[in-house]
Amino acid sequence: MDSQKVDMFMMANSKFFEAHHLPAIRERLLSLDESKWAMVQTTQFKDPTTSLIISLLAGGLGIDRFYIGDTGLGIAKLLTCGGLGIWNIVDWFLIMGVTREKNMEKFQNALY
């Protein structure tokens with residue numbers, strides 16, 4: 001893969017991933033063939049900042065978990081009113097990292 005394309009992808013999408021994953025993503029993209037590039041380019045990643053805002057505003061209803069694709073946890077959070085508020089507060093600190101991990105899973109799935 002052309003390093004210029006990879007660098008542009010990294011600049012545009014680095015906020016969607018954990019910092020320690022970025023070198024591995026870059027190496028993986030450099031070794032990628034052209035046929036998989038379109039799949040990676042069209043993959044839509046969830047914004048961690050958006051998930052934090054959703055968590056702050058409607059986290060007690062589990063909408064933040066539904067947004068990132070954790071349907072089971074979203075239902076559990078909805079039924080327990082955010083774990084009586086405790087789970088909701090914990091998610092304010094964890095939801096951005098969880099969103100970035102989900103984005104990494106989505107990136108890996110796009111490659112296979």
Side-chain angles (χ1 to χ4, degrees):
M1 182 60 47
D2 182 26
S3 66
Q4 197 171 26
K5 283 184 182 179
V6 172
D7 290 338
M8 291 297 289
F9 177 85
M10 295 300 292
M11 286 185 351
N13 296 300
S14 64
K15 70 177 183 176
F16 298 122
F17 302 102
E18 295 282 349
H20 65 276
H21 287 163
L22 293 178
I25 291 171
R26 187 173 194 288
E27 290 301 318
R28 182 76 173 133
L29 288 174
L30 286 172
S31 66
L32 194 66
D33 60 343
E34 289 289 333
S35 63
K36 296 280 187 175
W37 180 248
M39 182 66 103
V40 172
Q41 281 290 105
T42 58
T43 303
Q44 296 292 320
F45 299 110
K46 302 290 184 181
D47 189 0
T49 307
T50 304
S51 64
L52 177 62
I53 292 169
I54 292 171
S55 184
L56 290 171
L57 297 177
L61 300 174
I63 296 172
D64 53 348
R65 291 296 180 157
F66 288 118
Y67 174 73
I68 62 172
D70 281 340
T71 307
L73 290 176
I75 292 171
K77 201 170 175 182
L78 176 66
L79 294 176
T80 63
C81 296
L84 300 174
I86 297 168
W87 187 0
N88 191 26
I89 294 170
V90 170
D91 260 356
W92 293 345
F93 298 98
L94 300 179
I95 197 70
M96 291 180 75
V98 173
T99 305
R100 289 184 177 111
E101 291 295 326
K102 290 287 185 176
N103 286 336
M104 187 63 183
E105 289 176 18
K106 192 182 287 190
F107 174 77
Q108 290 174 341
N109 289 339
L111 296 179
Y112 298 109

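Just so you know, these numbers come straight off a predicted model, no measurement behind them.
- Trp37 places no side-chain N or O within 3.5 Å of a backbone atom of Leu32 that could act as its donor or acceptor partner.
- Between Arg65 and Trp87, the shortest heavy-atom contact is NH2-NE1, 4.2 Å.
- The distance from the CG atom of Leu22 to the CE atom of Met10 is 4.5 Å, given to the nearest 0.5 Å.
- Cluster annotation: Leu30 and Phe107 are assigned to the same hydrophobic cluster (Ile/Leu/Val/Met/Phe/Trp/Tyr, side-chain heavy-atom contacts under 4.5 Å, transitive).
- In this structure, Glu18 and Asn103 have side chains that are not in contact, with every pair of non-hydrogen atoms separated by 4.5 Å or more.
- Tracing side-chain contacts under 4.5 Å through hydrophobic residues (I, L, V, M, F, W, Y), one reaches Leu111 starting from Ile25; they form part of the same cluster.
- Side chain of Ser51 to backbone of Pro48: a donor-acceptor contact under 3.5 angstrom is found.
- Met96 CE to Ile68 CD1: the interatomic distance, rounded to the nearest 0.5 Å, is 12.0 Å.
- Residue Ile54 forms a side chain to side chain contact (heavy atoms under 4.5 Å, CB included) with just one option from Asp47, Asp64, Thr49, and that option is Asp64.
- Here CD of Gln44 is found 9.0 Å from CG of Asn13. Values are rounded to the nearest 0.5 Å.
- Side-chain contact between Arg28 and Gln108: absent, with no pair of heavy atoms (C-beta onward) separated by less than 4.5 Å.
- Between the CD1 atom in Ile75 and the OG1 atom in Thr80 there is a gap of 11.5 Å [rounded to 0.5 Å].
- To the nearest 0.5 Å, atom CD1 of residue Ile89 and atom CG of residue Leu84 are 11.0 Å apart.
- Two residues are said to be in side-chain contact when any heavy atoms from C-beta on lie closer than 4.5 Å; Val98 and Glu101 fail this criterion.
- For Glu34, the salt bridge (Lys or Arg N to Asp or Glu O under 4.0 Å) test picks out Lys5, with sequence neighbours left out.
- A side chain to side chain contact (heavy atoms under 4.5 Å, CB included) with Lys77 is found for exactly one of Leu61, Asp91, Ile63, namely Asp91.
- With sequence neighbours left out, the salt bridge (Lys or Arg N to Asp or Glu O under 4.0 Å) criterion links Lys102 to Asp70.
- Put simply, the side chain of Tyr67 does not reach to within 4.5 Å of the side chain of Ile53, judged on heavy atoms.
- Under the 3.5 Å distance criterion, the side-chain polar atoms of Thr99 are matched with a main-chain donor or acceptor of Ile95.
- Take Phe66 and apply the ring-ring contact (aromatic ring centres under 6.0 Å, His included) test, not counting sequence neighbours, and it matches no residue.
- Arg26 approaches Val6 most closely through the heavy-atom pair CG-CG1, 3.9 Å.
- Using a 30° and 60° split on the angle between ring planes, Phe45 and Phe17 fall in the perpendicular class, above 60°.
- Under the 4.5 Å side-chain heavy-atom criterion for grouping Ile, Leu, Val, Met, Phe, Trp and Tyr, Trp92 is connected to Leu78 within one hydrophobic cluster.
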